[in-house]
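All remarks here apply to the structure that follows.
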Amino acid sequence: MLRIAVPNKGALSGPAAAMLHEAGYRMRKESKELVLVDPTNEVEFFYLRPKDIAIYVSAGKLDIGITGEDLLIDSGADAEVILPLGFARSTFRFAAKPGTVSGIEGLAGKTIATSYEGIVAKHLAESGVDASVVHLDGAVETAIELGVAQVIADVVETGTSLRNAGLEVFGEPIMKSEAVVIRRSGADGDDPKVAQFLRRLQGVLVARSYVMMDYDCRAEHLERAVALTPGLESPTISPLHNEGWVAVRAMVPAKEAQRIMDDLYELGARAILTTAIHACRL
């Protein structure tokens with residue numbers, strides 16, 4: 001069986017479980033379950049702390065895992081990303097008292113407090129900056145006020161917490177992260193079981209990003225209509241009983257669907273419908 005590590009709690013857990021369910025896999029019914037066997041799909045799920053997943057995968061104990069790219073880098077584990085999943089996105093930034101540090105070069109000789117020591121240390125090394133890093137498990141915003149550090153590095157969303165603490169971000173982002181599927185570096189890239197798992201998740205990602213659009217169109221306007229809905233390869237065109245009319249079906253990006261419907265209507269298309277896509281293989 002394919003052995004897969006899945007986050008057992010936190011911000012990654014719910015979205016990962018939802019994606020796996022949409023991909024057709026059996027999911028646990030109680031949060032206390034640590035191992036779940038899905039014999040139909042020949043998969044065994046192991047529910048682990050998100051921070052530990054990269055370690056288990058890199059050690060070869062599990063075939064693949066779902067975790068955050070930030071947690072992978074922070075762990076220093078010998079594992080690699082094989083599929084971005086598009087959820088749990090975050091941005092890591094440096095912050096300090098206004099006017100005290102203007103860029104990464106100003107970090108030299110300073111102490112940086114963070115919960116992600118591995119990420120910060122890697123970024124400093126790549127930038128050629130010599131600074132000290134202090135690990136804190138949480139509430140890093142108070143580190144500067146209490147004299148533990150002159151700079152902090154943390155996940156920044158709106159920046160409200162930083163502003164409330166009298167801090168401001170500076171410099172370019174340290175990194176941008178999202179949920180990813182990982183495997184041990186150097187692992188067999190042709191494993192058919194892994195390939196099937198990835199195809200299923202890719203199918204979910206496409207199904208979430210596209211809708212199926214159907215509409216009726218006058219034949220003389222077909223080329224202009226098809227330009228609006230080119231589909232993935234090309235749209236399906238079928239003649240209607242009423243002469244001079246055709247039915248068109250194509251996949252379109254979900255975020256652009258309303259605009260495309262407006263444009264088609266202005267072109268003279270009618271009976272314009274969109275339907276959700278629950279699963280697909282491309």
Side-chain angles (χ1 to χ4, degrees), residues 5 7 9-12 48-62 64-85 88-159 161-162 165-187:
K9 59 183 178 180
L12 290 165
L48 304 169
R49 291 176 68 245
K51 284 189 174 184
D52 296 336
I53 287 175
I55 303 297
Y56 282 105
V57 172
S58 68
K61 303 301 180 183
L62 300 174
I64 54 177
I66 296 175
T67 188
E69 188 174 6
D70 54 340
L71 299 177
L72 167 62
I73 293 175
D74 195 58
S75 71
D78 188 21
E80 61 184 4
V81 175
I82 55 175
L83 180 66
L85 296 177
R89 289 190 170 100
S90 58
T91 303
F92 289 80
R93 305 288 301 264
F94 289 115
K97 291 286 187 181
T100 59
V101 186
S102 59
I104 191 168
E105 64 281 353
L107 295 173
K110 289 186 168 53
T111 300
I112 305 166
T114 183
S115 300
Y116 300 87
E117 185 177 0
I119 292 174
V120 175
K122 181 176 184 290
H123 185 70
L124 292 173
E126 291 174 348
S127 304
V129 175
D130 185 13
S132 300
V133 180
V134 174
H135 178 83
L136 297 176
D137 283 330
V140 295
E141 296 93 342
T142 61
I144 296 176
E145 187 67 30
L146 296 177
V148 173
Q150 296 87 43
V151 179
I152 67 167
D154 202 8
V155 175
V156 177
E157 294 180 1
T158 63
S161 297
L162 294 177
L167 307 176
E168 66 177 10
V169 298
F170 64 87
E172 294 297 317
I174 301 168
M175 74 166 293
K176 292 186 177 181
S177 176
E178 65 181 292
V180 293
V181 180
I182 64 171
R183 69 179 173 198
R184 180 172 54 85
S185 297

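Values reported hereafter were calculated over all heavy atoms of this structure, with side chains retained and with hydrogens, waters and symmetry mates removed. Every value quoted in this text rests on a predicted model; they were computed, and no experiment measured them.
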| said: Under the rule for side-chain hydrogen bond (donor to acceptor under 3.5 Å, both in side chains), what residues qualify as partners of S127, not counting sequence neighbours? | reply: none
| request: Kindly give the heavy-atom pair with the smallest separation between G65 and V57, and that separation in Å. | output: N-CG2, 3.8 Å
| message | I'd like to know whether I119 forms a side-chain contact (heavy atoms from CB on, under 4.5 Å) with I73, so could you lay out the CA-CA distance, the side-chain angles of the two residues, the decisive distance to 0.1 Å, and finally the verdict. | response | CA-CA 6 Å; I119 292 174; I73 293 175; 3.9 Å; yes
| message | Please report the interatomic distance CD1(I174) to CD1(I104), rounded to the nearest 0.5 Å. | response | 8.0 Å
| Is there a side-chain contact between I152 and L162, using heavy atoms and a 4.5 Å cut-off? | yes
| task | Scan residues 92-108 for pairs that pass side-chain hydrogen bond (donor to acceptor under 3.5 Å, both in side chains), counting only residues two or more places apart or in two chains. | result | K97-E145
| request: Taking all heavy atoms of G68 and all of V180, pick out the closest pair and write down the distance. | output: C-CG2, 4.2 Å
| task | Using the side-chain hydrogen bond (donor to acceptor under 3.5 Å, both in side chains) rule, collect all pairs that involve residues 166-179, keeping only residues at least two apart or in two chains. | result | D70-S177
| said: How long is the straight-line distance from CG of L107 back to CD of Q150, given to the nearest 0.5 Å? | reply: 10.0 Å
| Sub-3.5 Å donor-acceptor pair from the side chain of T114 to the main-chain atoms of D154, do we have one? | no
| Sole residue of I53, I82, I182 in side-chain contact (heavy atoms from CB on, under 4.5 Å) with I64 | I82
| field | Intermediate values then yes/no, side-chain contact (heavy atoms from CB on, under 4.5 Å), I112 and L124 | value | CA-CA 11 Å; I112 305 166; L124 292 173; 3.9 Å; yes
| task | Show your reasoning for whether side-chain contact (heavy atoms from CB on, under 4.5 Å) applies to T67 and Y56. | result | CA-CA 11 Å; T67 188; Y56 282 105; over 6 Å; no
| query | Hey, what do you get for CD1 (I66) to CG (L48), rounding to the nearest 0.5 Å? | reply | 11.5 Å
| request: Please collect all ring pair (Phe, Tyr, Trp, His ring centres under 6.0 Å) contacts where either partner lies in residues 103-124, sequence neighbours excluded, each pair once. | output: F92-Y116, F94-H123
| query | How close do A54 and L72 get, heavy atom to heavy atom, and via which atoms? | reply | CB-CD1, 3.9 Å
| field | Pairing residues for K110 by the salt bridge (charged side-chain N to carboxylate O under 4.0 Å, His left out) criterion, not counting sequence neighbours | value | none
| remark: Residue pairs meeting side-chain hydrogen bond (donor to acceptor under 3.5 Å, both in side chains), one or both in residues 131-140, sequence neighbours left out, come to H135-D137
| request: Tell me, please, which residues at least two apart from A165 pass side chain to side chain contact (heavy atoms under 4.5 Å, CB included). | output: E141, L167
| salt bridge (charged side-chain N to carboxylate O under 4.0 Å, His left out): pairs with one or both residues in residues 113-134, sequence neighbours excluded | K122-E126
| query | Which pair of non-hydrogen atoms, one from S115 and one from L136, has the smallest distance, and what is that distance? | reply | OG-O, 2.7 Å
| note | Contacts of R89 meeting side-chain hydrogen bond (donor to acceptor under 3.5 Å, both in side chains) (sequence neighbours excluded), chain-then-number -> none
| What pair of heavy atoms forms the shortest contact from V151 to A96, and how long is it? | CG2-CB, 4.3 Å
| field | Heavy-atom closest contact (E80 atom, G186 atom, distance) | value | OE2-N, 4.3 Å
| remark: Residues at least two apart in sequence or cross-chain that pass side chain to side chain contact (heavy atoms under 4.5 Å, CB included) with I55, listed by chain then number, are S75, A77
| task | Apply side-chain contact (heavy atoms from CB on, under 4.5 Å) to the pair L85 and V181, showing each step before the final yes or no. | result | CA-CA 7 Å; L85 296 177; V181 180; 3.9 Å; yes
